[in-house]
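See below for the structure under consideration.
Bear in mind that the values here come from a model prediction, so they are computed numbers and not experimental data.
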Protein chains: 2
Amino acid sequence: MKALVIEDDVNIAELLRIYLEKEGFEVRLAADGEKGVGEAKSFSPDIVLLDIMLPVMDGWAVCKSIRKISKVPIIMLTAKGETADKVKGLELGADDYMTKPFESKELIARIRAVLRRYGKDAAGGRVLEFDRLVINMDAYELIVDGKKIDTPPKELELLFHLASSPNRVYTRNQLLDEVWGFDYFGDSRTVDVHIKRLREKLENVSDKWTLKTVWGVGYKFETAGD
Amino acid sequence: MKALVIEDDVNIAELLRIYLEKEGFEVRLAADGEKGVGEAKSFSPDIVLLDIMLPVMDGWAVCKSIRKISKVPIIMLTAKGETADKVKGLELGADDYMTKPFESKELIARIRAVLRRYGKDAAGGRVLEFDRLVINMDAYELIVDGKKIDTPPKELELLFHLASSPNRVYTRNQLLDEVWGFDYFGDSRTVDVHIKRLREKLENVSDKWTLKTVWGVGYKFETAGD
DNA sequence: CCATGCGTTAACAAAATGTAAAAAAACGCG
DNA sequence: CGCGTTTTTTTACATTTTGTTAACGCATGG
């Protein structure tokens with residue numbers, strides 16, 4: 001799965017590269033619009049991330065040019081507050097729209113969503129199923145016995161993260177970094193509270209899995225069969 | 001599996017060496033940035049731990065230099081409170097971030113996580129198996145005949161440590177240093193109590209191994225067949 | 001048979017977690 | 001923009017679990 005990033009700010013471009021490579025993408029960077037269009041031809045990416053503010057040829061023009069030669073999904077990147085541009089971008093053939101500064105999770109989620117619309121999803125890990133339980137991060141839904149359970153986003157993200165690697169222990173700080181974000185600065189007891197609320201929602205659902213405390217270490221999503 | 005530590009404070013560097021060697025890493029230390037970059041080339045480590053505050057060339061510069069020549073995973077080490085720097089570090093190509101003072105558990109967990117992302121996880125080392133017994137430090141589980149035995153962390157860590165080097169004798173003070181931590185000051189009889197409780201849990205499980213007292217010296221995890 | 005080291009137990013202290021409720025922040029809506 | 005609502009975070013306290021110490025008696029070795 002290949003991703004092309006068209007972005008003149010090196011720091012942001014490299015940050016995107018890190019996020020994407022962690023997700024298993026092969027990444028190529030282009031620092032201006034012309035190069036970007038060129039790479040769109042020769043590299044034939046599966047997805048394009050395109051900054052609006054570019055030197056020489058702006059994002060809109062690049063978007064138009066790429067659309068002439070390819071149906072590759074395009075996600076536009078823009079500075080905060082320019083909401084009006086959204087419509088313009090979508091008219092020109094962009095598939096989604098993201099505001100800087102963005103979070104890795106958000107970005108990845110959108111990329112997955114766009115790719116799915118194109119039927120190209122990368123071996124999706126966005127939906128997990130366990131006995132009587134479904135965690136669907138595409139719809140942000142928690143489902144028990146086919147019945148939706150109203151769950152706030154953070155709780156769901158935490159559960160999803162733990163359930164992504166069953167039986168593996170995560171420390172509170174790990175969870176804060178990986179679910180809340182690297183730059184989050186807060187009390188690690190916050191995790192406890194979310195765990196408690198998840199347990200309330202999930203108690204007595206199944207004996208094949210459970211949210212377990214590993215005393216002195218952290219939490220894990222424990223499965224029986226494994 | 002090789003680890004490079006770039007850190008000017010000798011105490012911290014040596015502490016890291018102990019932690020890492022305990023986990024089976026081959027460790028090399030570099031006291032400043034230049035040497036660090038040099039070692040990154042010649043030693044070709046599997047992971048780099050990099051302090052931000054370094055004399056001559058600071059951590060950011062070192063990170064950048066290493067990134068030019070290698071894709072080796074880098075974990076940045078920093079003093080507490082400098083949260084903003086997290087983003088900077090990640091932009092420059094670091095893979096994770098740790099705040100001093102750190103705990104051995106946390107550090108090891110993060111290293112494992114980063115290596116896992118790179119698909120290089122040292123599978124060996126975290127899970128030990130002996131006749132009818134499994135010690136799994138990823139899940140913090142002690143398993144006898146496929147059945148989990150509830151075990152407090154310290155006990156499990158002690159057992160794991162002893163079983164990591166079967167038939168090797170450890171003195172109580174060694175165990176206190178290596179399991180409890182070099183900065184622990186307490187009665188060495190504490191070890192006895194933990195050993196006793198482990199023996200309770202493990203008695204009559206197998207005749208192929210045993211927790212043996214070496215009179216006047218300490219303890220060892222003795223195996224028969226080996 | 002004495003001095004020392006070890007096993008064992010129980011009680012205590014310390015640390016980590018569970019829980020509930022309040023405060024703060026984010027969100028949706030008119 | 002201000003309001004009420006929901007979500008998230010913090011705080012404080014109760015509870016549980018674990019770690020440590022101290023005491024006593026047995027085992028070991030000289």
Side-chain angles (χ1 to χ4, degrees), chain A residues 80-81 83 99 101 103 105-106 140-142 148-162 169-177 179-181 183-203 210-220 222, chain B residues 83 103-106 140-142 148-162 169-181 183-203 210-220 222:
Chain A
K80 200 165 186 176
T83 325
T99 306
E103 291 172 49
K105 266 176 298 155
E106 169 109 21
Y140 261 79
E141 279 174 353
L142 177 65
K148 226 194 288 181
I149 304 225
D150 232 26
T151 311
K154 268 277 163 353
E155 278 176 43
L156 201 56
E157 285 162 18
L158 175 61
L159 177 62
F160 175 76
H161 197 262
L162 287 167
V169 183
Y170 292 85
T171 67
R172 290 176 176 70
N173 283 327
Q174 267 183 306
L175 291 169
L176 285 179
D177 274 359
V179 177
W180 273 256
D183 48 358
Y184 180 82
F185 190 80
D187 195 324
S188 69
R189 297 302 305 279
T190 295
V191 178
D192 302 28
V193 177
H194 283 83
I195 289 282
K196 190 215 171 237
R197 290 178 184 153
L198 279 170
R199 282 176 173 157
E200 274 172 6
K201 293 184 174 72
L202 298 175
E203 72 183 347
T210 178
L211 281 175
K212 195 159 186 179
T213 302
V214 180
W215 212 93
V217 185
Y219 297 99
K220 66 178 169 180
E222 191 174 77
Chain B
T83 325
E103 292 172 48
S104 97
K105 271 183 229 165
E106 187 85 31
Y140 260 80
E141 279 173 352
L142 177 65
K148 277 173 220 161
I149 305 223
D150 240 23
T151 311
K154 268 278 168 346
E155 280 177 40
L156 201 57
E157 286 160 17
L158 174 61
L159 177 62
F160 175 75
H161 196 259
L162 287 167
V169 185
Y170 292 85
T171 67
R172 289 176 177 70
N173 283 328
Q174 267 183 307
L175 292 170
L176 285 178
D177 276 357
E178 294 165 11
V179 178
W180 273 256
D183 53 353
Y184 178 84
F185 296 100
D187 192 339
S188 70
R189 297 300 306 279
T190 295
V191 178
D192 301 28
V193 177
H194 283 83
I195 289 283
K196 196 255 169 190
R197 290 175 183 160
L198 279 170
R199 282 175 173 156
E200 272 174 8
K201 293 184 174 72
L202 298 175
E203 71 184 346
T210 178
L211 282 175
K212 197 158 187 178
T213 303
V214 180
W215 213 90
V217 185
Y219 299 97
K220 67 176 169 179
E222 191 174 74

Quick one: A:W215 CH2 to C:dG18 C1', roughly how many Å, whole number?
12 Å

Classify the side-chain pair B:Y140/B:E157 by whether it contains a donor and acceptor separated by less than 3.5 Å.
yes

Choosing from C:dG7, C:dT19, D:dT18, which nucleotide comes nearest the side chain of A:K196?
C:dT19

B:D192 side chain, from C-beta outward: closest of D:dT20, C:dT8, C:dT19
C:dT8

So A:T190, base contact, sugar-phosphate only, or nothing? Heavy-atom distance under 4.0 Å.
base

Where the side chain of A:H194 is concerned, which of D:dT20, C:dT9, D:dT8 is the nearest nucleotide?
D:dT8

Classify A:V191 by what it touches in the nucleic acid, base, sugar-phosphate, or nothing, heavy-atom distance under 4.0 Å.
nothing

Considering every strand and a 4.0 Å limit on heavy-atom distances, what is the contact class for B:R197: base, sugar-phosphate, or nothing?
base

Whether the side chain of A:R189 and the base of C:dG18 hold a donor-acceptor pair under 3.5 Å is what I'd like checked.
yes

In whole Å, I'd like the distance from the CG atom of A:D187 to the P atom of C:dA16.
13 Å

So does A:Y219 get a side-chain nitrogen or oxygen closer than 4.0 Å to the phosphate oxygens (OP1/OP2) of C:dG18?
yes

Can we call the ring centroids of B:H161 and B:W180 under 6.0 Å apart?
no

Students often get this wrong, so: under 4.0 angstrom with heavy atoms, is B:F185 touching a base, only sugar-phosphate, or nothing?
nothing

